[in-house]
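The structure under discussion appears below in the form of structure tokens.
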Amino acid sequence: MFALVDVNNFYVSCERVFDPKLVGRPVVVLSNNDGCAVARSNEVKALGVKMGAPWFQMADLAKKHGIVALSSNYTLYGDMSDRVMQILKSYVPNVEVYSIDESFLQLDGLTSVYPCFTDLGQQIRGRVLQWTGLPVCVGMAPSKTLAKLANHLAKKNPEFDGVCDLTAMSLADIDRYFSKLDVAEVWGIGRRLCVQLIDLGIETVQDLRNADPKRLRERFGVVMERTVNELQGVSCLALEEVTPPRKQIVSSRSFGQMVTTFNELRESVSTYMTSAAEKLRGQDSVCNLVHVFVETNRFREDHKQYNASMTVPLTEATNDTRRLIAAATFGLKQIYRPGFQYKKAGVILMELQPAAVRQQLLFKEEDPRSAKLMQTLDALNGQFGRNTLFMGSSGIQHRWSAKFESKTPRYTTDWSELPTVN
DNA sequence: TCTGGGGTCCTAGGACCC
DNA sequence: TCTGGGGTCCTAGGACCC
């Protein structure tokens, strides 16, 4: 049994906590450079503004309805998120923080503490509102996918008063609600799959719930099979309390103005790498490959287009900001072409591994300490799941050398040629 | 003029190995 | 004409999520 607790219109709600005048008004929070709407109040949603809609395209609508647009403040949202999650953890021992504004709670075995889950949901809503000022809705069901749908029902239907426990509803009632919900509302059914499902006559949540998982697997694969099973109340997705370390770290931005010179790009890339490297060290990892990319403005069909990227292997895994910047700058130097109006640049840290392993790999196999190393590696294999790098030191050496000799063109870092980096 | 940023998983096919 | 069987690794592309 799962509960999904989700903050309503999270970024907008955060802003309203600190500026109550915004309550009841149409509000959007905008992305970097105030480009797109990344959060909308209910009033704005009612006006038909879509997620990701460019702000400049809403100018008339905004004027007409007095839409308030705010620049995003991710430090604030992160802080508010932490507070909400702390409250949830005070109710239930097993919590999966799924995103900045959502958590799954495991409810199994808690019936003696909370005899009525709907009451629990209302308690949580009340306390989160009282302690943080944020409105949340709660959905409860025997699988995560169903808990997501229950949460959706709680949000959209006032009769639930913000809390929907599917197990407390009659089958007929569930059928009634699910028959009215588009199949696109199901977690895991995106734009593409939705079109294909409708082709097959599967248009509502109820249709998909009644489908044969085995048959859908043949056409769509194992993920779809899992989704249908989850809809039928067979839990296939477990609660994941510990977040595994990231497998890649991205840092990129669009520019407010077009950028043309190498030096401007280099400064941006250095900045992005600085924050990426901080995240890398924050999870105690080192990185083997640095990917750097630049893009022109794809919306400007009248401009010459140029998208380029390069993956630079590091001679030694590292989390040292200066070395990472040097590698990124090297790559940037290779792909930079004058004469283009650049709109976006970024770096991706790839082939991450725990920093501890790099140290221990220095041991030779006959070294008595290598037994300890193997223990560590086993533990890491458990922690990282299958398909990990850590199959033993010789395995790592082998895989890396194989990778760098692969057909894909790779580039060696020539440190002597690097431009000076501040 | 102005159009976000950061992630994961699955699959198919080719290379390669024994 | 007949042309093994089983496996891993890697990559690119497609799909999804918030």
Side-chain angles (χ1 to χ4, degrees), chain A residues 4 6-7 9-11 28-39 50-59 62 69 71-72 74 77 81 97-104 144-145 148 184-197 217-227 237 240 243-258 272 275-276 279 283 289 291 293 295-303 311 341 343-352 384-389 391 395-396 398-410:
Chain A
L4 176 67
D6 184 312
V7 183
N9 314 324
F10 181 55
Y11 298 167
V28 289
V29 172
L30 300 176
S31 64
N32 182 41
N33 296 325
D34 294 342
C36 297
V38 292
K50 300 284 181 228
M51 181 69 173
W55 172 237
F56 74 91
Q57 286 177 1
M58 305 178 235
S71 299
S72 41
Y74 291 103
Y77 310 148
S81 176
V97 178
Y98 176 68
S99 76
I100 192 164
D101 71 330
E102 289 173 74
S103 273
F104 286 103
K144 283 179 160 183
T145 305
K148 278 272 210 182
E185 298 297 340
V186 176
W187 195 32
I189 307 299
R191 267 209 335 268
R192 308 296 182 106
L193 288 175
C194 178
V195 172
Q196 296 183 54
L197 285 173
R217 178 183 180 147
E218 289 166 20
R219 164 141 179 203
F220 296 100
V222 64
V223 181
M224 177 68 83
E225 182 189 29
R226 209 154 49 202
T227 297
L237 301 166
E240 291 170 17
T243 43
R246 297 268 165 249
K247 296 174 177 175
Q248 60 175 42
I249 294 171
V250 180
S251 181
S252 72
R253 288 287 179 283
S254 297
F255 304 126
Q257 295 174 320
M258 296 295 187
Y272 305 153
S275 78
K279 286 186 198 167
Q283 66 169 33
L289 295 177
H291 188 79
F293 64 90
E295 294 172 6
T296 49
N297 189 344
R298 65 196 159 98
F299 295 103
R300 289 297 298 266
E301 291 177 4
D302 54 327
H303 284 187
T311 306
Q341 308 237 34
K343 178 63 179 171
K344 185 175 180 179
V347 296
I348 309 179
L349 305 183
M350 304 194 303
E351 298 273 312
L352 310 187
F384 277 69
R386 60 196 179 85
N387 293 335
T388 76
L389 279 172
M391 304 170 65
I396 291 177
H398 173 73
R399 177 174 154 173
W400 288 349
S401 57
K403 187 176 186 79
F404 293 158
E405 288 160 13
S406 71
K407 288 187 311 173
T408 317
R410 297 281 186 177

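The structure displayed is predicted, hence computed values, not measured ones.
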### Query
Can you tell which of C:dA15, B:dT3, B:dG5 lies closest to the side chain of A:Q196?
C:dA15
### Summary
Whichever of A:R226 and A:F299 has the more 5' nearest nucleotide on DNA chain B, that residue is A:F299
### Task
Among B:dG4, C:dC16, C:dC18, find the nucleotide with the atom closest to the side chain of A:W187.
C:dC18
### Task
Take the protein atom CG of A:N9 and the nucleotide atom P of C:dC18, then report the distance between them rounded to whole Å.
14 Å
### Task
Measure from the side-chain N and O atoms of A:K343 to the backbone N and O of A:F255, and report whether any donor-acceptor pair falls under 3.5 Å.
yes
### Query
Within the structure shown, what part of the strands sits under 4.0 Å from A:N33 by heavy-atom distance: base, sugar-phosphate, or nothing?
nothing
### Task
In whole angstrom, give the distance that lies between atom CZ of A:F220 and atom P of B:dT11.
13 Å
### Query
Which whole-number value in Å describes the distance from A:E225 CD to B:dC10 P?
12 Å
### Task
Could you label the plane-to-plane angle of the A:H291 and A:F293 rings as parallel, tilted or perpendicular, counting under 30° as parallel and over 60° as perpendicular?
tilted
### Query
Short question: side chain of A:T145, backbone of A:W187 - any donor-acceptor pair under 3.5 Å?
no
### Query
For B:dC10, which nucleotide in any strand shown is its Watson-Crick or wobble partner with both distances under 3.5 Å?
C:dG13
### Task
Verify the contact: side-chain N or O of A:K247 to OP1 or OP2 of B:dG7, cut-off strictly under 4.0 Å; return yes or no.
no
### Query
Does A:R300 put a side-chain nitrogen or oxygen below 4.0 Å from OP1 or OP2 of B:dT1?
no
### Task
Output yes when at least one side-chain N/O atom of A:S254 is less than 4.0 Å from OP1 or OP2 of B:dG5, else no.
yes
### Query
Roughly how far apart, to the nearest Å, are B:dT3 and C:dC18 at atom P?
25 Å
### Query
Hey, does A:I100 reach any base, or is it just sugar-phosphate, or nothing, if we go heavy atoms under 4.0 Å?
nothing
### Message
Any base atoms under 4.0 Å from A:L30, or only sugar-phosphate, or nothing? Heavy atoms, all strands.
### Response
nothing
### Message
When you measure from the side-chain N and O atoms of A:S31 to the phosphate of B:dT3, is any distance below 4.0 Å, counting only OP1 and OP2?
### Response
no
### Query
Rounded to whole angstrom units, what separation is found between the CG atom of A:D101 and the P atom of C:dC17?
15 Å
#### Entry: Interatomic distance, A:Y11 OH vs B:dG5 P [rounded to whole Å]
13 Å
### Message
Would you say A:S31 and A:N33 are linked by a side-chain donor-acceptor pair, where the criterion is simply a distance under 3.5 Å?
### Response
no
### Query
What nucleotide, of C:dC18, B:dC2, B:dG5, holds the atom closest to the side chain of A:R253?
B:dG5
### Task
Between B:dG4, C:dC18, B:dC2, spot the one nearest the side chain of A:M258, thanks.
B:dC2
### Query
Taking the side chain of A:Q57 as heavy atoms from C-beta outward, which of C:dA15, B:dT3, B:dG5 is closest to it?
B:dT3
#### Entry: Phosphate contact (B:dG5 OP1 or OP2) by A:K344 side-chain N/O below 4.0 Å
yes
### A:S251 vs A:V222, nearer the 5' end of DNA chain B by closest nucleotide
A:S251
### Query
Atom CD1 of A:I348 to atom P of B:dT8: distance rounded to whole Å?
11 Å
### Task
Establish, with yes or no, whether the OP1 or OP2 oxygen of C:dC17 is under 4.0 angstrom from a side-chain nitrogen or oxygen of A:K148.
no
### Query
Can you tell me how far C1' of B:dT3 sits from CD of A:Q257, to the nearest Å?
16 Å
### Query
Which heavy-atom pair separates A:K344 from A:R253 by the least distance, and what is that distance?
CG-O, 3.3 Å
### Task
Measure from the side chain of A:V38, starting at C-beta and using heavy atoms only, and say which of B:dT8, B:dC2, B:dG4 lies closest.
B:dG4
### Task
Name the orientation class of the two ring planes belonging to A:Y74 and A:Y11 (parallel below 30°, tilted from 30 to 60°, perpendicular beyond 60°).
perpendicular
### Query
What integer distance in Å separates A:K144:NZ from B:dC9:P?
12 Å
### Query
Which residue, A:I249, A:V250, A:T243, forms the side-chain contact (heavy atoms from CB on, under 4.5 Å) with A:R246?
A:I249
